[in-house]
Structures are given as C-alpha cells and as structure tokens.
Trainee: 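Just dropping this structure here.
Every chain is numbered from 1 and lettered A, B, ... according to where its sequence line falls, protein lines coming before strand lines. The analysis underlying the following values was restricted to heavy atoms, covering all of them including side chains, and did not include hydrogens, waters or symmetry mates.
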Amino acid sequence: MENKSKDFLRRIVEEDLNAGKYNEVVTRFPPEPNGFPHIGHAKSIAINFGIAKDYQGHCNLRMDDTNPTTEDTQYVEALKDAVQWLGFEWDNNVRYTSDYFPKLYAYAIELIKMGKAYVDSTNEEEMRELRGTVTQAGKRSKYAERSIEENLELFEKMKNGEFKDGEHVLRAKIDMSASNMKMRDPLLYRIRHAHHFRAGDEWAIYPMYDFAHCLSDYIEGVSHSICTLEFENNRDIYNWVLDTLGLKPTRPYQHEFARLGINYTVMSKRKLLELVEGGQVNGWDDPRMPTIAGLRRRGYTPESILNFCDSIGVAKANSMVDVAQLEFAIRDDLNTKVPRVMCVMNPLKVTITNYEGSEEIEASYYPHDVPKEGTRKLPFSKEIYIDKSDFSENPEKGYFRLTPTQAVRLKYAYIISCKEVIKDDNGNVVEIKAEYHADSKSGNDTSGIKVKSAIQWVEANNAKQIEVRLYDRLFKTEAPEGVEDLNPDSLKIIKDALIEPAVINEKPDVRFQFEREGYFYADPVDYSDEKPVFNKIVGLKESSSKKKKVVKQTAKPQPKKVQIDGEVVPMTTEEQALFDNYTNELKLNSEVANTLARDAQLSAFYQEALEAVNSPVGIANIVTNDVARELKQKELNELNYTPKQIAELMKMVDDELISTKIAKQVFEEMSKSGEEPTKIVESKGLVQISDPAVILPMIDEVIAKNPENVEKFRAGNTKLLGFFVGQVLKATKGKGNPKVVNELVARQLG
RNA sequence: UGGGGUAUGGCCAAGCGGUAAGGCAUCAGUUUUUGGUACUGACAUUCGGGGGUUCGAAUCCCUCUACCCCAUCCA
C-alpha cells in the first residue's frame with residue numbers, strides 16, 4: 001500500500017485523518033434491498049469495506065429500506081450473503097434505516113419548528129409544474145405559508161394515517177429558484193399506506209432518500225459517505241439537512257465515485273430483472289448473470305472479484321471496463337490453485353491396435369510450475385477417447401495435433417500415430433485406428449519421436465459421463481440495450497462429455513482446470529454423483545495461432561477527428577474598448593487582453609496594480625493566470641494580497657531579483673499568509689542564483705549521478721534536458737536562474 | 001437550454017510545473033508433455049481541440065468541443 005498511488009477517496013480520507021477531522025474512519029455500504037447485488041455492488045463493497053480496513057476503522061452494512069413497496073427480505077439475505085462471501089465483516093448488527101424512523105420523525109418535527117419544512121398539499125402534476133424547468137425558476141406552493149402549528153398538526157395526522165396516499169407531503173423549504181433542481185424544496189416525507197417488510201404497518205409515512213440517508217449516516221457516526229456519481233446533485237441537500245439541523249460535529253461528508261460498467265453485459269437492476277422475469281436466464285443466480293450470486297455459481301472466487309475491483313481503480317470518469325479484465329482476474333487466481341484433469345468434450349474413439357491389456361499411469365494434478373502436491377491414477381487401455389477437434393484429416397498449416405501423417409502425444413502416456421480413419425455413411429469421422437509407440441511412455445521416452453502437442457484423453461471403460469455447461473457472454477454487443485442484443489449462444493450444454501474417473505471418485509476439489517479447455521466448477525445446485533454437472537468458468541487464454549478462425553479485428557485507424565470550434569460570445573462595447581486599449585497601448589497579446597477585458601474583476605485588479613508599478617505585460621500575465629485561478633474559488637475581497645503587492649512581486653521579476661518560478665512560489669506564500677512579497681523573498685532567502693561558478697559544480701554533480709540519462713541524451717533524447725534542468729534546480733532549492741541553468745546544462749551535456 | 005461532473009494508447013488508470021507509472025488487451029521471442037503458465041521485448045514524440053503564460057505545461061490561465069447526471073411522492 002505504501003508505494004502504490006492511492007485513489008482519490010483514500011487521499012481524502014488520509015487528509016481528513018491528518019487534519020484531525022475524525023478520530024476514526026467509519027464507512028457504510030447502504031444498498032436498498034430491492035434486488036440482487038451485482039458486481040457493481042462488489043466494487044462499492046470493496047471500496048467501503050476496503051477503506052475501513054485500510055485505516056483501521058469500520059464499515060456498517062445498512063439496508064436503506066425507506067420504500068416499502070419495492071423492498072423485501074429475500075434481498076436483504078442476498079445482500080448479507082454477498083458481503084460475507086466477499087470476505088468482509090460489518091460492524092455490529094446489520095443496520096436498517098427503518099430502525100431510525102422514530103429519530104427521523106423527530107428531526108422532521110425539528111425542521112418544521114424551525115420553519116424549514118412545511119406540509120404541501122398540491123397534487124403531483126401541479127407540483128411538477130411549479131418546480132419549473134432547468135432553465136426556468138420554480139414557484140413555491142401556496143401551502144408553504146402554513147403556520148408552524150398547522151404544519152405540526154398536519155404532519156402528525158399524516159403519521160397517524162389520517163390521510164390517503166398522495167394527499168400531503170412534507171417538504172423542505174429551501175429555494176424554488178435554485179439552479180440545482182434537487183434543491184427546489186425537496187420532498188422529505190410521503191404518505192404510503194403499505195406494509196413494510198420490517199416496520200410492518202406502524203408507519204403511514206416514509207422518509208425520502210434525501211432526508212433519510214444523510215441523517216442515517218449521521219446517526220451511525222459515519223465519517224465518509226461514499227456513493228456513486230449520480231448523487232452529486234444530492235450532495236447539496238445532504239449538507240443542507242445536516243447543517244440546518246445544526247447537528248453537533250463531527251458529521252459525515254459525501255464523496256462520489258464512478259459506478260462500474262462492464263461491456264457485453266447489463267448492470268441496471270431494471271434490465272437484470274427483465275432477464276429474470278422474461279426467462280432469458282434461469283434466475284438471479286444464472287451463471288451468465290453479472291450478479292454476485294451468478295458469478296458465484298459460475299465458479300468465480302471471492303479473491304478474483306476483489307482482485308478485479310482492485311485492478312480497475314476508483315475514479316470519477318464514467319467508464320466501461322473490458323470483460324477481459326474480469327476474465328483475467330479469475331484465470332490468474334485459479335491458475336495457481338486448482339488441479340488439472342482431463343476431460344473430453346466431444347469424444348472421438350481411438351483404438352490402439354497394437355496395445356494389449358491395461359495399466360495405470362500416475363499423473364500429477366498440478367503442472368511443473370504450480371508448487372502444489374497431489375497425483376491420481378489414470379487407467380489406460382487400447383480403447384480411449386480424444387476430442388474431435390484434436391484430429392484433422394486435412395489440417396490447415398500450423399495444426400499441431402493428430403493427423404494421418406502427424407503423431408501426437410497422449411498427455412502423461414504414449415505417442416500415437418494414426419493408421420486408419422473410419423467414417424460413417426455421411427463421411428463423418430467416427431473412429432481412428434492408431435498405433436502407439438511402446439518406447440515413448442511419458443517420463444522415459446526413448447523413442448526420439450518429436451511431437452508438436454500433447455492432448456487430453458480418457459480411457460473408454462473407466463471414463464465417467466458428465467454434463468458440461470458452456471457459458472459465453474450473455475450479450476453479443478458491447479453496450480447492450482435489451483433482449484434484442486442477447487447472444488443466442490450464451491449457453492451450450494454438452495450432455496455426454498467424458499471425464500477421467502478420479503474427478504468423480506476422489507473429488508480432489510470443486511474447481512478444476514480441464515486441460516486445454518478451461519476452468520470448470522462443479523455446479524453447487526445441480527451436481528450429484530449420479531449426474532455430475534460442471535460449469536465452465538472461463539476458457540484458457542488462446543494464443544492467436546490457435547484461434548485462426550477469428551477474423552482479426554485489427555485497429556480501425558480512425559482519422560483524428562476534426563473538431564469544429566463553437567462560436568465565441570462577442571464582447572460588449574466596453575469590453576471591446578478595454579481590449580483595444582490593452583492591445584494597442586499596453587501591447588498585451590490578444591489572448592491575455594481578451595481574458596482581462598472580459599472579466600471586470602480582473603481588469604480592475606490589473607489596473608490598480610499597474611498604477612503601482614508600470615510593468616503592463618508582466619502584471620497582466622500574473623493576473624490572468626494566478627490571480628484568475630484564485631478568483632475561481634474566492635471572492636475579490638477574500639484575497640490575501642493587494643494589487644499593489646502583486647505589482648511589487650512583478651517588479652522583483654523585472655529586476656531579475658527572482659525568477660518567474662520563484663515568483664510563483666512567493667505568490668503561493670502571499671496568498672496563504674498575506675505577507676509582503678519583498679519580506680517573503682528576504683526571509684526565505686529566495687534571491688535567485690545566476691552565478692555560473694555556483695551552478696556549474698551542481699550541474700557536474702547531477703551529470704555524474706545520472707550516467708545513463710547522459711548517454712540517452714547524447715544519443716538524441718533531447719527531452720531529457722528538462723530532466724537535468726529539473727535536477728539542478730532541485731539542487732539549488734529552486735533558486736537557480738532557470739535561463740542560466742538551461743544554458744549551462746545544455747553546454748555541459750553537449 | 002440552467003446547474004453539477006468527466007475527458008491521458010483498443011479498455012481501465014497513475015500523474016498535482018521538470019524523463020508519459022502500472023494492469024488488461026494486442027504483437028513478437030524464450031521456456032514448456034496444456035497452442036496454458038512463467039519470463040523477455042514491442043506497443044502515447046504526446047494527454048479531447050485551439051490559443052496563452054513559462055527556460056520548461058498532461059499539470060496554471062482563456063476558449064471551444066464531446067460525453068454523463070439532475071425537472072420520480074425511486075434510491
């Protein structure tokens with residue numbers, strides 16, 4: 001964890017911890033129990049529980065059960081299950097927002113008493129109209145003028161179930177013209193005469209997400225409330241509720257990250273539900289589903305999913321992760337864990353005409369590069385099965401396996417050569433007559449025959465028949481919309497695959513690698529000794545030479561897209577006059593003049609500074625860059641420095657007392673402490689060093705320390721000049737005159 | 001359209017004014033009784049476009065563009 005760069009959430013947590021904002025990190029995973037958790041939830045679980053673990057805090061599991069009509073206890077179980085299966089422990093008992101209903105109700109009454117909430121009795125349509133649009137302000141309902149007493153009385157009656165659904169709601173009194181739509185007097189409570197799976201029929205009113213969530217976080221002592229991007233607009237209400245209620249610190253703050261998207265699948269509850277209800281899949285735990293239950297039944301390990309979540313990172317950019325990344329995670333995990341066994345999917349009989357009797361061959365469960373122990377016995381006789389795809393009568397170039405003229409090794413056993421191909425009436429190959437090479441037995445092969453491949457096989461009389469379910473991606477398109485994009489071949493069932501007996505008799509594991517096929521998992525539901533069933537978790541990686549059939553979808557060299565510049569808002573006449581003055585009289589370049597002229601605050605600041613020191617270009621630059629940056633965050637009167645001080649700073653640059661690099665540093669300091677620039681330069685000894693006699697030895701030292709980079713530079717990697725300049729500047733603690741250093745470095749290296 | 005976000009290779013993603021990390025994918029090669037694994041190497045003269053500031057910009061400023069979220073009595 002030390003060297004790895006941290007994601008932005010962890011960085012926030014660390015900053016807060018360092019600032020002493022919280023004593024302990026408390027996070028929470030707060031799903032609504034209205035559906036089965038999917039791999040997107042796994043990401044959220046990994047983040048919330050992972051952060052708590054990393055910083056010795058704790059994480060709560062909370063069911064956000066504020067909507068009685070959609071939620072159910074079966075989902076609660078699925079959620080608990082998912083968290084546990086992924087290996088996390090929640091702090092204490094599972095929490096439920098419904099447990100906080102009384103407290104929430106009390107907070108609502110407080111808001112009413114403060115005049116910050118009111119009972120609104122407008123109907124739904126009218127309310128929508130009054131809310132306005134994104135460009136038009138809304139209008140407040142006439143009911144907002146009700147007295148506190150009336151509100152209190154009405155709200156209590158709402159709670160007591162004296163009104164019908166939809167007759168009244170409780171709203172926060174915020175701002176009907178807020179540019180953030182969510183802040184236009186958001187609903188706090190609605191009436192719902194419905195049975196709640198936990199609270200029963202006790203409540204006739206239920207809190208809305210925006211009211212319940214922040215307060216639940218607060219009640220639980222959550223420090224970092226982490227959610228997905230679509231709640232960014234809700235953050236304002238989150239803060240409003242907690243601030244307005246004047247809750248004593250420390251209170252939680254909300255932070256948002258991008259939800260997980262994976263190609264060739266869907267992730268929304270709605271679409272997942274459609275698949276289940278439409279019968280396109282066999283339930284929530286269908287192995288093709290991206291649900292935790294589905295992944296689990298498919299055979300994914302918790303470790304692989306956690307590794308996957310770790311590998312994709314946490315950021316704020318909406319993204320679509322390639323399934324290949326998920327597939328890598330499970331292959332990578334299983335590779336070092338599971339036994340290898342032989343299974344023939346599409347059996348082709350091979351009779352070894354020159355072999356008599358039978359034997360047992362000892363074979364390791366693990367390849368040479370997996371440091372695990374374990375062997376089993378493989379029966380062998382003259383009748384075996386190999387996979388149909390491992391024989392080709394008319395092989396393409398580059399085919400490594402058995403052909404009429406190419407011998408192949410039966411893995412762990414002998415090399416065989418094809419002698420005769422037997423076909424049925426339709427010309428299909430139904431059997432191979434082959435001969436084995438007695439001196440080619442695995443381990444003491446003295447035959448000298450070179451083969452290109454070793455293939456899997458099973459002995460005919462001892463092999464067990466199994467059912468194999470071959471899963472492929474559920475959708476055929478990268479960003480599927482609905483059922484029309486379903487992959488018709490997402491499930492193929494092979495009823496009569498043949499597997500070596502040890503798998504069934506010894507049961508060395510539940511997950512296997514079927515050699516040269518992929519990773520498989522004994523289906524936890526349908527498997528029985530009489531009828532073994534295996535799910536394909538994922539195939540082995542195939543190098544391009546084997547999957548020659550696949551048309552190479554090589555880079556479509558898209559032309560660099562031409563961007564059309566939009567129209568720029570024209571300047572007002574005053575701005576235009578200012579612009580002309582700046583460019584003509586003060587000789588500012590048009591870009592700088594443009595920035596200045598269009599911003600009244602900036603131009604005022606600039607002109608005031610100009611009165612103190614007559615350095616039009618220099619001051620313009622620092623004002624349009626550094627001052628402008630500050631002004632994005634702060635108001636003019638919040639600035640810690642005056643225009644005059646900026647002018648003085650510029651004067652030092654003009655006088656070559658300090659470099660522009662140091663000027664930036666001094667600027668930072670001014671903006672922090674408000675100190676005079678000259679004082680800062682003086683007290684910190686920031687006067688720049690231009691004396692080659694001082695700089696040269698430093699350059700020599702840097703050059704001596706970086707022989708490889710010197711070589712690279714001399715070989716033509718000229719961008720390394722910046723590296724050397726940087727190093728030397730660092731040695732001078734930033735005080736070196738960059739122009740001088742640049743020249744000297746170039747000379748010394750050249 | 002007002003507001004809030006986001007843009008770094010095919011896909012994720014570090015980077016916070018001084019040599020464009022890393023993973024997946026892809027392509028070569030070596031090892032291999034899995035066309036697997038492991039190992040080695042290749043893969044962004046450039047960070048959405050255009051300007052500006054700077055000795056030096058993915059990073060600071062201006063501007064344009066594209067995409068996502070918000071007008072549920074869902075969460």
Side-chain angles (χ1 to χ4, degrees), chain A residues 4-5 32 34 64 66-67 70 124 127-128 131-136 138 165-166 169 178-182 184 187 189-192 208-209 213 229-235 256 258 263 311-313 315-322 324-325 328 331 335-336 340 367-370 400 409 411-412 442 445 451-456 513 515-517 540-547 554-555 561-568 589-592 594-595 598 621-622 624-626 628-629 659-661 664 709 712 717 719-727 729-730 737-743:
Chain A
K4 226 184 131 191
S5 57
E32 182 191 10
N34 69 345
D64 207 4
T66 58
N67 185 357
T70 56
E124 238 177 299
M127 199 178 289
R128 189 161 30 242
R131 190 148 29 219
T133 67
V134 286
T135 49
Q136 285 173 315
D165 284 12
V169 292
S179 49
N180 178 355
M181 295 296 292
K182 295 266 173 189
R184 321 250 258 227
L187 271 61
Y189 270 91
R190 78 284 214 187
I191 299 170
R192 196 139 289 184
M208 304 289 290
Y209 167 86
H213 205 92
L229 246 29
E230 64 268 28
F231 292 101
E232 275 172 325
N233 295 314
N234 300 254
R235 189 173 60 227
E256 311 88 11
N263 57 12
S311 79
I312 57 173
K316 294 191 75 152
N318 287 313
S319 55
M320 181 80 89
V321 176
D322 196 335
Q325 189 124 355
F328 168 81
R331 276 193 205 107
N335 177 41
T336 55
R340 319 288 140 125
H368 63 95
D369 47 10
V370 172
F400 286 2
R409 173 175 295 282
K411 184 140 190 179
Y412 308 114
S442 194
D445 180 0
V451 290
K452 290 201 175 114
S453 186
I455 62 172
Q456 75 274 25
Q513 185 193 105
E515 295 218 37
R516 305 206 307 130
E517 292 286 354
L540 258 27
K541 194 177 159 182
E542 287 191 349
S543 63
S544 55
S545 49
K546 192 176 180 188
K547 52 179 178 188
T554 35
K561 34 189 177 268
V562 186
Q563 276 208 51
I564 306 132
D565 276 6
E567 221 165 291
V568 182
N589 79 43
S590 62
E591 191 63 32
V592 172
N594 183 50
T595 308
R598 282 170 183 276
N621 288 340
I622 194 163
T624 50
N625 282 284
D626 303 85
R629 177 174 67 246
S659 63
T660 50
K661 189 186 175 77
K664 297 246 183 207
N709 279 339
K712 276 194 225 164
N717 192 350
K719 60 187 168 182
L720 244 33
L721 185 68
F723 163 74
F724 285 106
V725 173
Q727 292 295 308
L729 249 25
K730 199 187 273 176
N737 180 333
K739 269 185 211 161
V740 175
V741 171
N742 243 295
E743 274 169 37

Trainee: In the strands shown, is B:A13 matched to any nucleotide by a Watson-Crick or G-U wobble pair with both distances under 3.5 Å, and which?
Mentor: none
Trainee: From the options B:G52, B:U19, B:U34, select the nucleotide whose nearest atom is closest to the side chain of A:Val592.
Mentor: B:G52
Trainee: Please report the shortest heavy-atom distance between A:Asn67 and A:Arg192, naming the atom on each side.
Mentor: OD1-NH1, 3.7 Å
Trainee: NA contact type, A:Lys411, heavy-atom cut-off 4.0 Å: base, sugar-phosphate, or nothing?
Mentor: base
Trainee: Where the side chain of A:Val725 is defined as all heavy atoms beyond and including C-beta, which of B:C55, B:A25, B:U1 is the nearest nucleotide?
Mentor: B:C55
Trainee: Suppose you measure atom P in B:C11 against the same atom in B:A25; what distance do you get, rounded to whole Å?
Mentor: 15 Å
Trainee: Before giving the answer on side chain to side chain contact (heavy atoms under 4.5 Å, CB included), spell out for A:Asp445 and A:Arg409 the whole-Å C-alpha distance, their side-chain angles and the decisive distance to 0.1 Å.
Mentor: CA-CA 11 Å; A:Asp445 180 0; A:Arg409 173 175 295 282; 2.8 Å; yes
Trainee: Would you indicate, yes or no, if B:G36 has its OP1 or OP2 atom less than 4.0 angstrom from a side-chain nitrogen or oxygen of A:Arg331?
Mentor: no
Trainee: Respond yes when some side-chain nitrogen or oxygen of A:Ser319 is under 4.0 Å from OP1 or OP2 of B:A13, and no when none is.
Mentor: yes
Trainee: Answer yes or no as to whether B:G23 has its base stacked against A:Phe328, where stacking requires a ring-centre separation under 5.5 angstrom and planes under 30 degrees apart.
Mentor: no
Trainee: For B:U1 and B:C69, measure between their P atoms and round to the nearest Å.
Mentor: 16 Å
Trainee: For B:A44 and B:C12, measure between their C1' atoms and round to the nearest Å.
Mentor: 15 Å
Trainee: Over how many whole Å does the gap from A:Leu540 atom CG to B:A38 atom P extend?
Mentor: 11 Å
Trainee: Categorize A:Gln513 for me: base, sugar-phosphate, or nothing, with a 4.0 angstrom heavy-atom threshold over every strand shown.
Mentor: base
Trainee: How far does CZ of A:Arg331 sit from CD of A:Gln513, to the nearest 0.5 angstrom?
Mentor: 10.5 Å
Trainee: If I compare all heavy atoms of A:Asp64 with all of A:Glu32, which pair ends up nearest, and what's the gap?
Mentor: O-CG, 3.5 Å
Trainee: Using atom CD of A:Glu517 as one end and atom P of B:G35 as the other, report the distance to the nearest whole Å.
Mentor: 11 Å
Trainee: Using whole Å, what does the distance between atom C1' of nucleotide B:G15 and atom NZ of A:Lys316 come to?
Mentor: 18 Å
Trainee: Distance check, C1' atoms only: B:C60 and B:U54, in whole angstrom units.
Mentor: 10 Å
Trainee: Without decimals, in angstroms, what is the distance between A:Lys730 NZ and B:G18 P?
Mentor: 9 Å
Trainee: Find which nucleotide of RNA chain B each of A:Pro367 and A:Ala317 is nearest to by heavy atoms, and output the residue with the more 5' nucleotide.
Mentor: A:Ala317
Trainee: Nearest nucleotide by nearest heavy atom, which residue falls closer to the 5' end of RNA chain B, A:Ala324 or A:Asn263?
Mentor: A:Asn263
Trainee: Hunt down the Watson-Crick or G-U wobble partner of B:C39, both distances under 3.5 Å, from any strand shown, or write none.
Mentor: B:G29
Trainee: Using a 4.0 Å heavy-atom cut-off, does A:Leu729 contact any base of the nucleic acid, only the sugar-phosphate backbone, or nothing at all?
Mentor: base
Trainee: How would you summarise protein contacts on nucleotides 65-75 of chain B per nucleotide, using B for base, S for sugar-phosphate only and - for none, with heavy-atom distances below 4.0 Å?
Mentor: B--SBSBSBSB
Trainee: Work out how far the C1' atom of B:G15 is from that of B:U72, and round it to whole angstrom.
Mentor: 40 Å
Trainee: Atom NZ of A:Lys411 and atom CZ of A:Arg516: how far apart are they, to the nearest 0.5 Å?
Mentor: 9.0 Å
Trainee: Under 3.5 Å between N/O atoms: give me all the protein pairs with nucleotides 56-62 of chain B, atom names plus distance.
Mentor:
unit_1 : atom_1 : unit_2   : atom_2 : d
B:C60  : O2'    : A:Arg629 : NH1    : 2.8
B:C60  : O2     : A:Asn625 : OD1    : 3.2
B:C61  : OP1    : A:Lys632 : NZ     : 2.9
B:C61  : O4'    : A:Asn625 : OD1    : 3.2
B:C61  : O2'    : A:Thr624 : O      : 2.5
B:C62  : OP2    : A:Lys632 : NZ     : 3.0
B:C62  : O2     : A:Glu591 : OE2    : 3.1

Trainee: Work out how far the P atom of B:A7 is from that of B:C16, and round it to whole angstrom.
Mentor: 15 Å
Trainee: Measure from the side-chain heavy atoms of A:Asp369 and tell me the nearest of B:A25, B:U37, B:G35.
Mentor: B:U37
Trainee: Check whether any side-chain heavy atom of A:Val592 sits under 4.5 Å from a side-chain heavy atom of A:Asn625, and report yes or no.
Mentor: no
Trainee: Answer yes or no: side-chain N or O of A:Gln727 and base N or O of B:G18 forming a donor-acceptor pair under 3.5 Å.
Mentor: no
Trainee: Paired with B:C67 by Watson-Crick or G-U wobble geometry, both distances under 3.5 Å: which nucleotide is it?
Mentor: B:G5
Trainee: How many Å lie between CD1 on A:Ile455 and C1' on B:U32, as a whole number?
Mentor: 17 Å
Trainee: Without decimals, in angstroms, what is the distance between A:Asn589 CG and B:G52 P?
Mentor: 7 Å
Trainee: Nearest whole angstrom, please: distance from the C1' of B:U34 to the CZ of A:Phe400.
Mentor: 13 Å
Trainee: Could you tell me which nucleotide pairs with B:U59 by Watson-Crick or G-U wobble geometry, both distances under 3.5 Å, or answer none if nothing does?
Mentor: none
Trainee: Specify the closest pair of heavy atoms between A:Met208 and A:Leu187, including all atoms of both residues, with the distance to one decimal.
Mentor: CG-O, 3.4 Å
Trainee: Between A:Met181 and A:Asn233, does a side chain to side chain contact (heavy atoms under 4.5 Å, CB included) hold up when you go through it step by step?
Mentor: CA-CA 8 Å; A:Met181 295 296 292; A:Asn233 295 314; over 6 Å; no
Trainee: State, to 0.1 Å, how close A:Arg190 and A:Thr66 come at their nearest heavy-atom pair, and which atoms those are.
Mentor: NH1-O, 3.5 Å
Trainee: Give A:Ile312 one of three labels, base, sugar-phosphate or nothing, depending on what nucleic acid heavy atoms sit under 4.0 Å from its own.
Mentor: sugar-phosphate
Trainee: For residues A:Arg184 and A:Gln136, report the shortest heavy-atom separation together with the two atoms involved.
Mentor: NH2-O, 2.6 Å
Trainee: Judged by modelled atom types alone, do A:Asn594 and A:Arg598 share a side-chain donor-acceptor pair under 3.5 Å?
Mentor: yes
Trainee: Both distances below 3.5 Å, Watson-Crick or wobble geometry, any strand: find the nucleotide opposite B:C47.
Mentor: none
Trainee: Just how far, in rounded Å, is C1' of B:G3 from CD of A:Gln136?
Mentor: 15 Å
Trainee: Heavy atoms from C-beta onward define the side chain here; which of B:G52, B:G36, B:U45 lies closest to that of A:Lys719?
Mentor: B:U45
Trainee: What distance do A:Lys182 atom NZ and A:Arg131 atom CZ have between them, rounded to the nearest 0.5 Å?
Mentor: 9.5 Å
Trainee: Which heavy atom in A:Ala317 sits nearest to a heavy atom in A:Ala258, and how many Å separate them?
Mentor: O-CB, 3.4 Å
Trainee: Between B:U63 and B:G2, how far apart are the two P atoms, rounded to whole Å?
Mentor: 15 Å
Trainee: Between B:A21 and B:C43, how far apart are the two P atoms, rounded to whole Å?
Mentor: 12 Å
